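Data block below; observations after.
Computed from a predicted structure; not experimentally measured.
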Protein chains: 4
Amino acid sequence: MTARILGVALQLFADRGYHGTSIPMILEAAGVSASSLYRLYPSKEALVNAVFLDAKGRLGAAIAAAEDPPGGGDPGVAAEGHARFARIWDALARFAAEEPAAFRFLELQDHAPYLDGASRTKELTVLAPLALACMDLKRRGVLRADVEVDVMLASAWGALVGLVKAARLGYLTLDHDKLADAREAMWRAFAADAPATAQGPNTSGAGRRGRKR
Amino acid sequence: MTARILGVALQLFADRGYHGTSIPMILEAAGVSASSLYRLYPSKEALVNAVFLDAKGRLGAAIAAAEDPPGGGDPGVAAEGHARFARIWDALARFAAEEPAAFRFLELQDHAPYLDGASRTKELTVLAPLALACMDLKRRGVLRADVEVDVMLASAWGALVGLVKAARLGYLTLDHDKLADAREAMWRAFAADAPATAQGPNTSGAGRRGRKR
Amino acid sequence: MTARILGVALQLFADRGYHGTSIPMILEAAGVSASSLYRLYPSKEALVNAVFLDAKGRLGAAIAAAEDPPGGGDPGVAAEGHARFARIWDALARFAAEEPAAFRFLELQDHAPYLDGASRTKELTVLAPLALACMDLKRRGVLRADVEVDVMLASAWGALVGLVKAARLGYLTLDHDKLADAREAMWRAFAADAPATAQGPNTSGAGRRGRKR
Amino acid sequence: MTARILGVALQLFADRGYHGTSIPMILEAAGVSASSLYRLYPSKEALVNAVFLDAKGRLGAAIAAAEDPPGGGDPGVAAEGHARFARIWDALARFAAEEPAAFRFLELQDHAPYLDGASRTKELTVLAPLALACMDLKRRGVLRADVEVDVMLASAWGALVGLVKAARLGYLTLDHDKLADAREAMWRAFAADAPATAQGPNTSGAGRRGRKR
DNA sequence: CATGAATGAGGTTTCATTCAT
DNA sequence: CATGAATGAAACCTCATTCAT
């Protein structure tokens, strides 16, 4: 039951925002009664924080999985450079595609007014691996020395969010190719030795269906 | 009076979202009575659309000014390449810095449910010059041929939004240098002949106050 | 200007009732500004009383004209009996047909809460001639002795109102014939010597276009 | 609780009209909270329609009971002619006396703007038996052939409404005798063989307490 | 005189939440 | 434990009315 509640609440919060979503809406969509919900979550704020933790947790898992590929081996060494960046980017892109509501909800502007301490902590916990990976790559000279890590993170993450948002608004249709193009562009933007004009290595495999232009 | 109302409404909508902002909040902040507001805007939706048009209009003006610099000259020819891109980026960054509420409000996820036709038209009107400039630069071989224009636009715009949002959330402090770094990174990402490892030309003038690291 | 205001107010009050009609509605329909209206009528109640007096006055005039036919002569003597009754009935029916809004407004249930003294006096002033005529006819043996005058008045007046209302609701279409039929029926109901089965004299002139059945 | 709400709503709507009755008035009179009312009736319009259906249903029951008297027997045959008419009239008069608010509410001018389909259907359902009885009596030669059924119905019903309204406004005091007088008058008005001058049969039983005049 | 701008009170309705059952 | 019924506060909006211009 909590799963269904969290699911419909996530969907509604993502679609209409926190203030735009009423408890009755959630009750109806989840098919539960007010009291049932209030026994699980003592307030609307508690619910939205639970939704946040849940969604952020899944995002964190996706990131962790990208950093620690199931194939195992020695991630710290093998995952260096472009391949490691691509794995993270692709993981985030996949998360955005597979859990659109979660992605969208987490990117809503300013959860701040209603997020509690646990949620804010989670935010940092999920972000940390990305920051660490970035700092690590920079220290090793893989990423440019003349750009701050936080600028790289914010820009690349923002670019992905921008692509997803543009797709949602109908300004473009996101497919695998475009996401890979954007990934390589971000690599060029921040890699220390990325080739300038030629297209960078495309690890997404699966022969592309013909270059445009 | 309409100026004050639009101002406080923009601020509140940016801070708390459309649904999170109540009419009484606006009334108190603007120091007007309900009826006065309702004579100017027949509904909350009409008000938010007016706010949107107003803010988007100022953004559009900033973009237009960047494309057609007041100094005059021969923009069509002189503004090619990196300098033209930099002028646009800087204009957007300046807008974000000088009108933080407007920038934030316009980037709120999904105005869609309450925006009317005029607002949607305005959205496209403002976006169009950017898309045209981008297509133009690409046609001339200044921007990469192997990346779609809409991907470039969405990525670069998203990167700027991501930077501003990260700054607002305290993940970084945006200054002129960082914005310039990000601008050059985006140039590397999408320019046809951007140098790979060396730092690109920094047109922001005024010697930088010391490189980090 | 007062004429236009009274006209649209009458129409709106008749259509939507006193409480269902707002001052802004009247202002828009009349094309005047609030202050203009408030200069003429110091309140909504004052306006509705003015409308009432105006409409009731025209009804009173119609009744008076029926009692004192323009052709002159000696109404007191010549208008005895059936012809006098028919003249009054026809006058009322004509008023209902020619001034539907006024007729309807005056028949609204319970003006009481907002009518002032002048309006209540007018009500009686207009009613009086009908009551006097009725009493006169009864005293002369033209109307039945065994039915109270007030019962006759209320029944016949109610019958006419019922016919007009039924027509408005689409339950019947009122034409000259049906109004004449009803008039004769009311005559049979209350006349001392009305024939039982045969149709009474039809003073409405203008050969009827074929009897039904 | 719905009974109390319907009761006070009926009373208030009858007294002050739909637009003149505010939800808070109803809440206070019924002693319930807004939300309680809105859980039962999703809007003021829904409430007024429920009130209408309820009141009209009771009127319909009164009519049906008059047509199909509880004493049983053979109504189809025995109830012919004057007695049948009298039973219906008396039933309506009793309804008006016993449920003044319902009678008055149902006779308010033009519910039309807020009545929904169910209410309009009910209106016809309740009216139908009267129309059928009237047509039946006319076909059998009991009612006059030269007057349309709809005119008879509208006139007689209007006469009753007129009497009740006159009584409410203080123009007369309705008692059993006067209602019987009016009933016989309507019989004379529309019966095929009603005596002209003599008083018709008075089936209301119970010797009258002295003729007036 | 005529007006547009302004207002406080009150309209209908919904919200987040609680509680008897 | 689970629920429908109930609630006070507050939401958006309109009203009858006034007043500086």
Worksheet item: For the pair made of CD1 in A/Ile26 and P in E/dT14, what is the distance, rounded to whole Å?
Response: 17 Å
Fill in: A/Ile23 CD1 - E/dA16 P separation (whole Å)
5 Å
Worksheet item: Tell me: CE of C/Met25 to C1' of E/dG11, nearest whole Å?
Response: 13 Å
Item to complete: Describe the nucleic acid contact of B/Thr21 in one word from base, sugar-phosphate, nothing, applying a heavy-atom distance below 4.0 Å.
Response: sugar-phosphate
Discussion item. On a heavy-atom basis, which atom in C/Ala101 and which in C/Ala14 lie closest, and how many Å separate them?
Written reply: O-CB, 3.4 Å
Discussion item. Under a 3.5 Å distance rule, please check whether A/Ser119 uses its side chain to pair with a backbone N or O of A/Leu115 as donor and acceptor.
Written reply: no
Worksheet item: Okay, side chain of D/Lys44, backbone of D/Thr21: is any donor-acceptor separation there less than 3.5 Å?
Response: yes
Worksheet item: Are any of the side-chain heavy atoms of D/Leu106 and D/Lys56 separated by less than 4.5 Å?
Response: yes
Practice prompt. Starting at atom CG of A/Leu47, determine the distance to atom P of E/dT17, rounded to an integer number of angstrom.
Written response: 10 Å
Discussion item. Between the side chains of C/Asp54 and C/Arg58, is the shortest nitrogen-to-carboxylate-oxygen separation below 4.0 Å, so that they form an ion pair?
Written reply: yes
Would you list the protein and nucleotides 3-7 of chain F atom pairs, both N or O, that sit under 3.5 Å from each other?
{"unit_1": "F/dT3", "atom_1": "OP2", "unit_2": "A/Ser36", "atom_2": "OG", "d": "2.2"}
{"unit_1": "F/dG4", "atom_1": "OP2", "unit_2": "A/Ser33", "atom_2": "OG", "d": "2.5"}
{"unit_1": "F/dG4", "atom_1": "O6", "unit_2": "A/Ser35", "atom_2": "OG", "d": "2.2"}
{"unit_1": "F/dA5", "atom_1": "OP2", "unit_2": "D/Arg39", "atom_2": "NH1", "d": "2.6"}
{"unit_1": "F/dA5", "atom_1": "OP2", "unit_2": "D/Arg39", "atom_2": "NH2", "d": "2.9"}
{"unit_1": "F/dA5", "atom_1": "O5'", "unit_2": "D/Arg39", "atom_2": "NH2", "d": "2.7"}
{"unit_1": "F/dT7", "atom_1": "OP2", "unit_2": "D/Ser33", "atom_2": "N", "d": "3.2"}
{"unit_1": "F/dT7", "atom_1": "OP2", "unit_2": "D/Ser36", "atom_2": "OG", "d": "2.6"}

Worksheet entry | Reported OG-to-CG distance for the pair A/Ser22 and A/Leu12, which is rounded to 0.5 angstrom | 8.5 Å
Worksheet item: Would you write out the dot-bracket form of DNA chain F, 5' to 3', with Watson-Crick and G-U pairs under 3.5 Å, [ ] for crossing pairs, | for pairs to other strands and . for unpaired bases?
Response: .||||||||||||||||||||
Worksheet item: Nearest of F/dC13, F/dA16, E/dT12 to any side-chain atom of B/Tyr38?
Response: F/dC13
Fill in: B/Val32 vs B/Ile26 side-chain heavy atoms within contact, under 4.5 Å
no
Worksheet item: Going by the angle between their ring planes, with limits at 30° and 60°, are B/Tyr18 and B/Phe13 parallel, tilted or perpendicular?
Response: tilted
Practice prompt. Whole angstrom is fine here: how far is it from CD in D/Glu45 over to P in E/dG11?
Written response: 18 Å
Worksheet item: What is the distance, rounded to the nearest whole Å, between atom CG of C/Leu27 and atom C1' of F/dT14?
Response: 13 Å
Worksheet entry | Basic-acidic side-chain contact under 4.0 Å: D/Lys165, C/Glu107 | yes
Practice prompt. Name the residue closer to the 5' end of DNA chain E, choosing between D/His19 and A/Tyr18 according to the nucleotide with the nearest heavy atom.
Written response: D/His19
Worksheet item: Between atom CZ in B/Arg16 and atom P in F/dA11, what is the gap in whole Å?
Response: 10 Å
Discussion item. Side chain of C/Ser22, heavy atoms from C-beta onward: which of E/dC15, E/dT12, F/dA16 has the nearest atom to it?
Written reply: F/dA16
